Amino acid sequence: MKSEKKHKVFVEGPVSPSFIAESIEKHNKKFSIGAHSIFLGQVRNDKHGEQEVAAIEYTSYREMAEEKFHEIREDAFKKFPLICMHIYHSLGVVKAGEISLMVFTSSVHRKDAMDACEEIVERIKKEVPVWGKEIFSNENTRWKINN
Amino acid sequence: MKSEKKHKVFVEGPVSPSFIAESIEKHNKKFSIGAHSIFLGQVRNDKHGEQEVAAIEYTSYREMAEEKFHEIREDAFKKFPLICMHIYHSLGVVKAGEISLMVFTSSVHRKDAMDACEEIVERIKKEVPVWGKEIFSNENTRWKINN
Amino acid sequence: MKINVLAFGQIADITGKSELEIFQVNSTGELTQVLEKTYPQLKSGNFLIAVNKKIIQKNTELHNEDTVALLPPFSGG
Amino acid sequence: MKINVLAFGQIADITGKSELEIFQVNSTGELTQVLEKTYPQLKSGNFLIAVNKKIIQKNTELHNEDTVALLPPFSGG
């Protein structure tokens, strides 16, 4: 359980571009890295009738989610020769146009980083107990459905 | 040919993390985007006997490369439902730990951005006339070989 | 014999609270029967059940102070 | 009849310059023969040929002021 604390995933509110830049910059002394693959999930203003999504509010079963993120992390390190992996997921309100998920993998050769990144994103969507409540411009809400 | 000028690919020296952050931030009014996929190529300090790569110097057959980047761009927009695509490639000297290639795709749903990004990276490596000369710490050089 | 029940997302909207305590049930099957009496909308069954953070696929024996979570479809990312 | 020849990467290391003018050749085959006489190391043949920025796969007729590029294996990215 200790290693989960070392790899804090949840952040309050959106993942900011400057935070992403800092994450990238931190790898510039890791000279064996040849490839980074980054996935960013951005909140869309999906239409529902005449309303549109203004924001998504994320909640989580936090203890279980953290265990699951840890499991996904460990599995990816076992399966792919990764040098680094970082996952950040928002909790709370993230507005349309802002970023709510970042998966960042690094490896010597490009295929490993790309394959790992894709698999981690798929597993997060399917396996991690997080829920997004779409908040419409008129303040109505609806629970988001992943596809 | 005009559209190639609109989409300048080559940059002098490394692609900086702050430049990447700005690229990401520019998408925060594109509310239909749900997913970004970013590939970054970073210069490795590969060993060759007792020497290690300190930097790579990139040169290009620029006119042909720009046409090829344009073709890759057009093909990707035809094949995948992308909202945005950005490609940046370094010319000149990029030190180990710095970034020499950025491919950035955005779409409504994640699979399109990820598949397009991967395909664009593969095509760039195979089809674009760019050459990297590895410069070792003792100033010896060797032409890089892509795999 | 006390079971701690956690409700999330749409399920918490139905129960009106995110934490419940249910007494005198010995299995997840019994627990959901009790809950469905109080909250008939749960009969739609559009949720997974986790016992102590592990998702279970079939009726599972419960023990005192177990935590049972009712998990509607995930929609993170 | 003048052909502009561009050399890149390892090939430019062999020719010692990145631009050459070759006269009186009518095809890419004739051009490479001429070049191989001056630069025997080119016989290894580890390069592609582009005529006016298009890679060609077989012997191709050349016209006055065509640009022929000698392209060693790409290593961008």
Side-chain angles (χ1 to χ4, degrees), chain A residues 1 4 9-11 14-15 39-44 46 53 56-72 87-92 94 99-103 117-118 120-135 140-147, chain C residues 2-22 25 27-29 31-32 34-36 38-77:
Chain A
M1 309 299 273
E4 287 160 40
V9 168
F10 285 119
V11 295
V15 179
F39 176 84
L40 302 174
Q42 182 166 305
V43 172
R44 291 192 307 264
D46 281 355
V53 172
I56 293 180
E57 182 180 12
Y58 289 99
T59 51
S60 168
Y61 181 8
R62 189 151 184 166
E63 295 80 1
M64 184 178 158
E66 284 172 347
E67 282 191 16
K68 190 52 91 170
F69 279 125
H70 181 68
E71 181 189 318
I72 292 171
I87 304 173
Y88 294 100
H89 196 300
S90 296
L91 287 180
V94 180
I99 290 161
S100 58
L101 171 64
M102 169 178 176
V103 176
C117 187
E118 184 160 350
I120 293 165
V121 171
E122 294 306 319
R123 288 195 62 183
I124 290 171
K125 298 259 181 186
K126 281 196 193 70
E127 300 178 31
V128 178
V130 172
W131 298 274
K133 185 162 68 177
E134 296 173 326
I135 303 170
N140 279 3
T141 64
R142 183 178 63 166
W143 290 99
K144 184 172 168 249
I145 295 161
N146 272 5
N147 49 23
Chain C
K2 188 189 82 172
I3 303 301
N4 305 300
V5 177
L6 303 177
F8 296 94
Q10 303 88 307
I11 305 299
D13 285 351
I14 292 171
T15 59
K17 43 195 141 185
S18 56
E19 294 187 35
L20 299 158
E21 291 181 352
I22 303 290
V25 293
S27 69
T28 54
L31 176 69
T32 50
V34 168
L35 289 169
E36 283 171 11
T38 317
Y39 310 105
Q41 286 178 272
L42 291 182
K43 282 180 191 160
S44 72
N46 193 18
F47 55 87
L48 295 172
I49 293 173
V51 177
N52 300 330
K53 295 183 276 183
K54 299 293 169 211
I55 287 170
I56 54 138
Q57 303 294 348
K58 52 185 183 184
N59 189 20
T60 296
E61 196 183 339
L62 293 174
H63 305 93
N64 191 36
E65 291 291 352
D66 274 352
T67 296
V68 174
L70 310 179
L71 309 173
F74 306 151
S75 54

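Order of the sequence lines fixes the chain letters, A, B, ..., with proteins taken first and strands second; residue numbering starts at 1 for each chain. Everything numeric here is computed off the predicted structure, so don't read it as measured data.
Between A:Glu67 and C:Lys54, at least one side-chain N (NZ, or NE/NH1/NH2) sits under 4.0 Å from a carboxylate O, which counts as a salt bridge.
Chain A is approached within less than 4.5 Å, heavy atom to heavy atom, by C:Leu6, C:Phe8, C:Gly9, C:Gln10, C:Asp13 from residues 4-18 of chain C, ordered by number. Proximity to chain A at a heavy-atom threshold of 4.5 Å picks out C:Leu71, C:Pro72, C:Pro73, C:Phe74, C:Ser75, C:Gly76, C:Gly77 from residues 70-77 of chain C, in numerical order.
With a 4.5 angstrom heavy-atom cutoff, A:Ser60 touches chain C only via backbone atoms. Interface residue A:Tyr61: backbone and side-chain heavy atoms are both found under 4.5 Å from chain C. Residue A:Lys68 does not touch chain C at all, counting heavy-atom pairs closer than 4.5 Å. Proximity to chain C (any heavy atom under 4.5 Å) is shown, for A:Gln42, by neither the backbone nor the side chain.
Among A:Thr59, A:Leu101, A:Val128, A:Ile124, the residue making the largest number of heavy-atom pairs under 4.5 Å with chain C is A:Val128. Per-residue heavy-atom pair counts under 4.5 Å with chain C were compared for A:Gly41, A:Ser100, A:Pro129, and the maximum is reached by A:Pro129.
Scored by the side-chain contact (heavy atoms from CB on, under 4.5 Å) test, A:Arg142 finds A:His48, A:Glu134, A:Phe136 as partners (sequence neighbours excluded). Not counting sequence neighbours, the partners of A:Lys133 by the side-chain contact (heavy atoms from CB on, under 4.5 Å) test are A:Glu57, A:Thr141, A:Trp143.
In this structure, the side chains of A:Glu63 and C:Thr67 stay at 4.5 Å or more apart for every pair of heavy atoms.
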